Amino acid sequence: MKLANVDGRAVLLTADDRGIDVAKASGGLFGLGSLYRNWTEFQAWAEKVTAEPDVVFTRTQLGSPSPEPRQIVAIGLNYDAHAAESGFTAPDGLPPVFTKFVSALTGPDVEVVLPPGGNVDWEVELVAVVGQTAYRVAESEAWEHLAGVTIGQDLSERVSQLAGPAPQFSLGKSFPDFAPVGPWLVTPDELADRDNLALGCAVDGETVQDGRTSELIFPVARLISALSQTITLYPGDLVFTGTPSGVGVGRTPQRFLQAGEELVSWIEGLGEMRQTFVAALED
């Protein structure tokens, strides 16, 4: 199943530009605001729905497939090569955990304003979408607590992120539109190998990241289980699982996003996202 947010309405995709309006087809039983809280029931309904496609849309209408998460959890240094390029040793235990504030959340294809005086970097990531409340779940049961996966960009402003006396990871990664997610949610059964997906991104056509989720230090199930030993993950929550190597801050010379550039991100089986960048207006 592929599930999109089209102008704030849940749509079951039958093609990349059309689908079934969930609220209409279910007689109001399910909608974008409630389906994650009732994911098991919704999934059972979706597997049997026979309604004809009644929604045709364009990419500009897409929002985050989970637009109102209670939490956005993000993971750092979860790929060996990215840890190395960042100047760190790969963690033995749970990698660094931080948040991207919900105010940064946006859809997959957006225009992003570059903060003045900043250095904005790219980080393509597999994002897990929680489908059932998860607290102290076993690794073997972790995937059962997920609705599916999607693509995310952990856009990061490195000046404010790394300013002392201690780094401000969450603030540096939470400017407006710094958490684009989409283009839609894909359930794990749609994927040939849910733990081995190619992912990458390109700036103006030049590939800058190219990896596979099989390289994650903490794969999805292990990560969800480990997080749930401390925090409760709620239906609709988003978990950014970490980025592979190739970020701008790790390059010599360093490279950051500029006004007028386009960032395209992709993950095998999930589609792609596009962001364009513009300079902030002067006061």
Side-chain angles (χ1 to χ4, degrees), residues 1 3-11 22-23 29-43 46 62-76 78 94-108 110 123 125-139 141-156 168-188 218 220-243 270 273:
M1 176 175 62
L3 178 71
N5 170 0
V6 179
D7 289 335
R9 298 185 69 85
V11 173
V22 169
L29 186 61
F30 302 107
L32 195 59
S34 63
L35 61 83
Y36 290 107
R37 296 193 300 272
N38 302 281
W39 182 257
T40 300
E41 295 80 2
F42 167 70
Q43 192 167 27
L62 293 174
S64 166
S66 179
E68 297 180 345
R70 293 174 68 171
Q71 303 172 112
I72 301 177
V73 181
I75 306 299
N78 203 15
L94 183 65
V97 180
F98 54 94
T99 188
K100 291 176 77 73
F101 291 103
V102 174
S103 60
L105 184 63
T106 190
V110 294
E123 294 190 19
E125 307 200 12
L126 179 72
V127 175
V129 184
V130 178
Q132 295 185 37
T133 299
Y135 182 62
R136 294 187 176 177
V137 300
E139 183 175 341
E141 300 174 349
W143 272 105
E144 299 174 13
H145 287 74
L146 299 180
V149 291
T150 188
I151 308 171
Q153 259 292 341
D154 178 18
L155 295 174
S156 306
Q168 293 279 10
F169 271 58
S170 295
L171 288 180
K173 293 168 173 282
S174 294
F175 286 89
D177 301 321
F178 266 39
V181 172
W184 32 70
L185 174 142
V186 178
T187 52
F218 268 59
V220 171
R222 186 181 177 195
L223 179 61
I224 297 300
S225 176
L227 289 170
S228 77
Q229 303 311 306
T230 301
I231 64 175
T232 300
L233 297 170
Y234 297 103
D237 281 356
L238 303 174
V239 180
F240 281 66
T241 61
T243 196
L270 307 185
M273 305 193 304

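Here the structure is a predicted model, which means the values were calculated and not measured.
- The CG atom of Asn5 lies 7.5 Å from the CG atom of Leu62; values are rounded to the nearest 0.5 Å.
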message = Checking Tyr36 against Glu68 for the side chain to side chain contact (heavy atoms under 4.5 Å, CB included) test, could you report, in this order, the C-alpha distance in whole Å, the side-chain angles of both residues, the deciding distance, and whether it holds?
response = CA-CA 10 Å; Tyr36 290 107; Glu68 297 180 345; over 6 Å; no
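- When every heavy atom of Pro183 is checked against every heavy atom of Leu270, the shortest pair comes out as CD-O, 3.5 Å.
- No side-chain donor-acceptor contact under 3.5 Å links Ser228 to the backbone of Tyr135.
- In this structure, Leu185 CG and Thr150 OG1 are separated by 6.5 Å, a value rounded to the nearest 0.5 Å.
- A distance of 11.5 Å separates CH2 in Trp39 from OG in Ser34, rounded to the nearest 0.5 Å.
- Taken to the nearest 0.5 Å, the CD1 atom of Ile75 stands 10.5 Å off from the CG atom of Asp154.
- Smallest separation of non-hydrogen atoms from Pro69 and Ile72: CG-CG1, 3.9 Å.
- In this structure, Gln71 contributes its side chain and Thr232 its backbone to a donor-acceptor pair below 3.5 Å.
- No donor-acceptor distance shorter than 3.5 angstrom exists from the side chain of Ser174 to the backbone of Leu171, with no hydrogens or angles considered.
- For the pair Asp237 (side chain) and Arg70 (backbone), a donor-acceptor distance under 3.5 Å is present.
- In this structure, the side chain of Ser170 engages the main chain of Thr99 through a donor-acceptor pair within 3.5 Å.
- Contact record, Ser66 with Gly236: OG-O, 2.6 Å, taken as the closest heavy-atom pair.
- Other residues, nucleotides and ligands contribute more than 12 heavy atoms inside 6.0 Å of the CD atom of Glu141.
- Contact check for Leu146 versus Val220: side-chain heavy atoms found under the 4.5 Å cut-off.
- For the residue pair Leu223 and Phe218, the shortest heavy atom distance occurs at CB-O, 3.9 Å.
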request  = Walk me through it: do Leu126 and Ile151 pass the test side chain to side chain contact (heavy atoms under 4.5 Å, CB included)?
outcome  = CA-CA 5 Å; Leu126 179 72; Ile151 308 171; over 6 Å; no
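- Val129 is not listed as a side-chain neighbour of Val149, based on a closest heavy-atom distance of 4.5 Å or more.
- Listed for the Trp184 side chain is no donor-acceptor partner under 3.5 Å among the backbone atoms of Ser64.
- Using a distance-only test at 3.5 Å, with no hydrogens or angles considered, no donor-acceptor pair links the side chain of Lys173 to the main chain of Lys100.
- Annotation: the span from Gln132 atom CD to Glu144 atom CD amounts to 8.0 Å, rounded to 0.5 Å.
- Between the Thr243 side chain and the Glu125 main chain, no donor and acceptor come within less than 3.5 Å of each other.
- Between Gly148 and Pro188, the shortest heavy-atom distance links the atoms CA-CD, 3.9 Å.
- Nearest heavy-atom pair across Gln153 and Met273 is N-CE, 3.7 Å.
- Between the Thr106 side chain and the Pro180 main chain, no donor and acceptor come within less than 3.5 Å of each other.
- Panel note: side chain Glu123, backbone Leu155; no donor-acceptor pair is recorded below 3.5 Å.
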key: Leu233/Val137 under side chain to side chain contact (heavy atoms under 4.5 Å, CB included): CA gap, chis, key distance, verdict   = CA-CA 10 Å; Leu233 297 170; Val137 300; over 6 Å; no
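- Atom OG1 of Thr187 sits about 10.5 Å away from atom CH2 of Trp143, to the nearest 0.5 Å.
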